[in-house]
There are 2 protein chains.
Amino acid sequence: MPNSEKTEVIRGKAQEARPLDAFDRKILGELAQDAGLSYAELGSRVGLSAPAVHERVKRLRATGRIRGTVAMLDGPEMGKPFLAFVHVDSTGWGKTKELLAISELPEVEEIHSVAGDACMLLKVRCASSRSLEGLLARLYALPCVKATRSYVVLSTFLERTPQAGITEALEETMNPLDTATE
Amino acid sequence: MPNSEKTEVIRGKAQEARPLDAFDRKILGELAQDAGLSYAELGSRVGLSAPAVHERVKRLRATGRIRGTVAMLDGPEMGKPFLAFVHVDSTGWGKTKELLAISELPEVEEIHSVAGDACMLLKVRCASSRSLEGLLARLYALPCVKATRSYVVLSTFLERTPQAGITEALEETMNPLDTATE
DNA sequence: CATGAAAGTAAGCAGAA
DNA sequence: TTCTGCTTACTTTCATG
């Protein structure tokens with residue numbers, strides 16, 4: 001069927017607008033916990049046939065809802081028992097080039113720019129306090145870095161990837177201004 | 001083979017002690033980026049046969065180096081564009097029961113206890129500033145919570161799961177005390 | 001290397017716009 | 001009717017002993 005590609009192109013990003021239905025949420029919920037499930041098993045859990053669920057997963061991947069499937073490695077087992085969050089006060093504005101350099105380090109897992117009294121926030125996992133020191137040294141070597149504050153993790157109670165669910169109850173407000181408008 | 005189990009038991013956690021070799025690191029590096037690879041493809045990338053690489057992956061899973069394989073979901077696409085890190089000052093000590101309650105919320109992705117001027121550090125991803133407020137309200141409802149500081153993420157430059165690599169160069173020290181002993 | 005299971009494809013059908 | 005999406009049946013690839 002030579003026309004199928006064309007159809008995709010014509011529809012363009014229309015599929016991105018399609019909201020998630022209950023089936024999609026259940027599928028995503030399962031896959032966020034275990035992406036190793038067979039389509040048959042996944043289908044029986046959400047109440048769909050294997051090809052149907054396969055089709056939906058393909059769509060969820062294509063539209064970017066699923067960014068990929070990865071193996072979750074264990075930090076300590078990998079020889080990196082030191083987890084820390086580093087707040088970075090910087091002058092000037094987050095030069096992409098400088099960030100590129102440190103994002104290459106396998107020790108650096110997250111880099112965010114944040115509002116609040118810090119400009120950048122890093123999540124780093126490394127072998128020892130020594131290597132954390134080495135990483136901070138690299139940071140201070142950057143001209144824009146003014147100060148850092150490190151929060152060393154003592155123990156981790158929960159650590160997971162983004163979940164599909166939304167807690168509607170959190171939208172409740174205690175603000176009298178809002179109740180007035182409602 | 002009825003004796004294989006026995007051997008395993010006798011060796012006990014000996015397999016955990018087995019250090020990662022270069023092949024293991026390469027395998028883990030690939031799987032941390034894409035766990036959807038076939039064993040054949042994985043084998044050709046690291047220079048091993050498919051069954052060989054399969055055996056290694058099985059061992060890496062059994063010994064806990066690989067904690068599981070999950071689908072990475074896109075926060076904004078899931079209707080949760082608000083990412084924030086919340087520092088919690090608490091009195092008394094991290095009652096597990098109370099943590100259990102908030103770790104059930106799909107908005108909460110990480111809970112750590114940290115050294116530094118905060119006691120707990122949360123990573124939360126939610127639908128709106130309103131729901132972040134709702135989550136803070138739940139936190140303050142806990143008797144041990146004294147204060148919170150929230151760092152709202154403006155943009156994310158890097159976000160990934162633990163990596164296999166270790167940067168040896170980070171172990172370099174600038175401390176004269178250490179160079180003296182060496 | 002061989003077997004069996006699972007992924008992926010194609011064709012047909014039912015329900016909703 | 002036309003379109004979207006589920007199901008059954010089939011092919012092919014891959015995991016696994």
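Computed over heavy atoms, backbone and side chain alike; hydrogens, waters and symmetry mates excluded. Per chain, numbering begins at 1; letters A, B, ... match sequence-line order.
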**Complete:** So CZ of B:Arg125 and CG of B:Leu105: to nearest 0.5 Å the spacing works out to 15.0 Å
**Fill in**
B:Cys126 and B:Glu107 have their tightest heavy-atom pair at CB-CG, 3.6 Å
**Request:** Round to a whole Å and report the spacing from CZ of A:Arg61 to C1' of C:dA7.
**Result:** 13 Å
**Parallel, tilted or perpendicular: rings of B:His87 and A:His87 (30°, 60°)** = tilted
**Request:** Find the distance A:Glu41:CD to C:dA5:P and express it as a whole number of Å.
**Result:** 15 Å
**Complete:** Ranking D:dT8, D:dA15, C:dG8 by distance to the side chain of A:Tyr39, first place goes to C:dG8
**Item:** Value in whole Å for how far the P atom of D:dG17 lies from NE2 of B:His54
**Value:** 7 Å
**Asked** If you check every side-chain atom of A:Leu48, which of D:dT7, C:dT9, D:dG17 has the closest atom?
**Response** D:dT7
**Asked** Which distance, rounded to the nearest 0.5 Å, do you find between the OH of A:Tyr140 and the CG of A:Leu135?
**Response** 11.5 Å
**Request:** Take the protein atom CZ of A:Phe23 and the nucleotide atom P of D:dG5, then report the distance between them rounded to whole Å.
**Result:** 12 Å
Just the table, please: protein N/O against nucleotides 15-17 of chain C N/O, every pair under 3.5 Å.
none

**Request:** For B:Leu37 and D:dA15, give me the distance from atom CG to atom C1', rounded to whole Å.
**Result:** 15 Å
**Item:** B:Ser38 side-chain proximity, nearest of D:dG17, D:dC14, C:dG8
**Value:** D:dC14
**Item:** A:Ser128 and B:Glu171 side chains, donor-acceptor separation under 3.5 Å
**Value:** yes
**Over 12 non-hydrogen atoms of neighbours within 6.0 angstrom of CZ in A:Arg138** = no
**Request:** Could you state the atom-to-atom distance from CZ of B:Arg56 to P of D:dA15 in whole Å?
**Result:** 17 Å
